[in-house]
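The structure appears below as structure tokens.
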2 protein chains.
Amino acid sequence: MFIKNFDELVKSDLHRLALQLVEYGLSVADPYAAVRENLRVLNNKIFVGNAEMSIAGRIHVVGFGKASKRMAEAVYSVLGDRIAGGVVITPSDEGYVGNIMIVRGDHPIPGENTLRSSQLLLDYLIDNVREEDLVIVLISGGGSALFEVPEEGVSLKDVAWISRELMKRGADIFELNAVRKRFSKVKGGKLLRFIRSRKVASLIISDVVGDRLDTIASGPTAPDETTFADVYKILVKYGLWSELGKNMRGIIEKGLSSSLEDTPKPGNPIFNNVVNIIVASNRIVLEAMARRAREAGFNTLILTSMLEGEAREVGRVLASIIKSIDLHSLPIQKPAALLAGGETVVTVRGSGTGGRNQELCLSLAVSIRGMNNAVAICIGSDGIDGVSPAAGAIIDGSMYYEAVSKGLDPLAYLNNNDSYTILSKLSRAIITGYTGTNVNDIFIAIIR
Amino acid sequence: MFIKNFDELVKSDLHRLALQLVEYGLSVADPYAAVRENLRVLNNKIFVGNAEMSIAGRIHVVGFGKASKRMAEAVYSVLGDRIAGGVVITPSDEGYVGNIMIVRGDHPIPGENTLRSSQLLLDYLIDNVREEDLVIVLISGGGSALFEVPEEGVSLKDVAWISRELMKRGADIFELNAVRKRFSKVKGGKLLRFIRSRKVASLIISDVVGDRLDTIASGPTAPDETTFADVYKILVKYGLWSELGKNMRGIIEKGLSSSLEDTPKPGNPIFNNVVNIIVASNRIVLEAMARRAREAGFNTLILTSMLEGEAREVGRVLASIIKSIDLHSLPIQKPAALLAGGETVVTVRGSGTGGRNQELCLSLAVSIRGMNNAVAICIGSDGIDGVSPAAGAIIDGSMYYEAVSKGLDPLAYLNNNDSYTILSKLSRAIITGYTGTNVNDIFIAIIR
């Protein structure tokens, strides 16, 4: 059970169902379950998802990310001592899983641990992988910081500086990644160059809205479509070209004048025997929850797994859809389950305790007040919502009046970004603790 | 043609289709067309929607609202001189439509014109309507201010004061209406008490999100579920009970101690021969547009006709659904038309020229930048968007880069609430002028 205070939260059958669906969603997002679901041995063949990987040689396991140890354990539970060895980088664990060495990197800011462990991982691949071997790569959120080897002449400090400046000046994640790939030896598919066999199966847990392979952990085993020319434009656009140190500038200038591919592009034969498979993602979780809700007799609709926006406003939009289902049978008919996922933001103006999921829920509870046939949950799949001890919340149409009758003003708490305080007082805050995975936030509303 | 600068806005086939669908939507919302669509004479019987009204006696037409003159013209075009007479209150017109007298009221603040014209309308009904007669009532947005007769001992000033105070203290439209119905002789179904025949067909254009009959123009011919007890609670809740003048307080106290129904409730026999039919509404328009889009080969989804929230944030949420359709075939597959309606708000922080529809579009254009297969329109159905000359805008995935290449920073314009300025520079602002109707705002996105 992920939800620790399940019983306290069940105020009706509808509450129970919503909580069960979220509990199920979290189990689908669990790194151990997700890897096992996608890695099977049948008749001495390995199947990664639906792809068959022949086992002519040995099997190596490398990985990096917050969920990489649990993923390694899952691989070990399937393949056991068939695994020759490997190196997996985690934020806090050390030791062994079978023959796989577990080492530490730094998160969220890469430092000496990341450098040392990443070099260890590369050295392992260079020293041990033969042409006939299979390399399983385990990738999850945080992987970009936990695994990094900067290009010659560039330091982690240089990379941190350019990342910070780009973010400060409004660059988006795609622009940021395009630049970072140029100053890394492993991002943007370049990790493959250290793997002699090039027979690679990457099992990936996506914490990136939209699940782009070239973006999750900066796509170490995925094709990269960006170029030095793109990066030059980005740096000029944000006024950084002239501020660039000689070392970084030199890399770009060399790249611009070279006819060599700096990162492997789509169609490059290096990918011929590479399988990149997303084993857990926001969308996979939403689709699993929707199947389960349909089995329970509910019409279902997944709005998006790329939800964005100010949490309280997103709550109002979701409320407008919930009310529309209730009053107009649009976009779907009752009984209905409306699902969405992604990652909202909170612009903090108050001094309270809360998080984006709880703030969305609180705003939603205000907007659907009076409805007696709707329950909704919004929760961070990692179990952490902002600066609160909760993962998210479960709300319903009666919560607003219940709060008022207890002398609590929901709008005052909302305006003070104090969602956790009021939701926990009303027994609506969901407590899970850290779940060990991250596929962003999950939203479900049930309307009967 | 409602859209005056149609040709300037057509940048591709997709733009043309989106504009055609919106043009069609506006034609469905047109008061004249909407009334004619719902009023027919067949074999000497009158059909209002699907309801047959026998014509034993004479036909009278009364009405109030910004669209009431056009609605009267439509009734006249169908029934001609069968109409014995009537009184219709408008914001600015005077004269006659056939035998129907057109008079002026005050909008948005009711004053002497509203009082005089409303009394004229009531006197007409009292003096002319016999038991066997049919009364057609034409209701549209603004009707609440254009038609009002306060209860004995209460002035328009009293009503304005209590409305203002309630809004200032955060009361919602339902609370506001509950209070106002207590101080009015005609709101909350009470108009029916002046119609001897009680055979009434109300043709209604809804400008109220959610289309509740008891809310549009304060429901003069609709059942009212609110009571004096509710209103007492509302006034106490907002700290207004003790501030109430003796006259208003007297009405509430008398009502609380009386066992008589103050407004006709659901099930009251007064409604036996009353038909309330919504001839135009946001939902009706969205459904018509969706039908047309389906005929053009697009999968369609109407999210809601009750859209609410801060315009720029609503834009981000809609973008997340558009991107999900494009990348994940969720919630529907391409080619797709995504529709929504309602009314967003803008929290003005800058000093620019714009409106909620254009601000939503500008924010959306930022969020879907780079998509080459999506076009979206958001438009106020009355043709007026905020403080700008435009009704709304049409945007696409290339607008952001087009702006940047012209030295215009979309985010800077967004932050200055200056959506109209940039959208008109980029030939994306839609100009209609006042359309003569109001069914709130219409949104459509087309993804191919």
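Letters go in sequence order (proteins before strands), and every chain restarts at 1. For clarity, every value in this text was computed on a predicted model and none was experimentally measured.
- The residue from B:Thr304, B:Thr344, B:Leu307 that alone fulfils the side chain to side chain contact (heavy atoms under 4.5 Å, CB included) condition with A:Val317 is B:Leu307.
- For A:Leu301, the part lying under 4.5 angstrom from a heavy atom of chain B is the side chain only.
- For the options B:Glu313, B:Lys237, B:Arg283, B:Glu308, heavy-atom pairs under 4.5 Å to chain A are most numerous at B:Arg283.
- Taken to the nearest 0.5 Å, the CZ atom of A:Arg316 stands 8.0 Å off from the CD atom of B:Glu310.
- When heavy atoms are compared at a cutoff of 4.5 Å, B:Arg369 approaches chain A solely by way of its side chain, counted from C-beta outward.
- Heavy-atom neighbours of chain B within the stretch residues 320-334 of chain A, taken at a separation under 4.5 angstrom, comprise A:Ser320, A:Ile321, A:Lys323, A:Ser324, A:Leu327, A:His328, A:Leu330, A:Pro331.
- Using a 4.5 Å cut-off on side-chain heavy atoms (C-beta onward), A:Leu303 and B:Leu303 make contact.
- In this view, A:Arg169 and A:Glu165, A:Tyr238, A:Leu240, A:Glu243 satisfy the side chain to side chain contact (heavy atoms under 4.5 Å, CB included) rule, not counting sequence neighbours.
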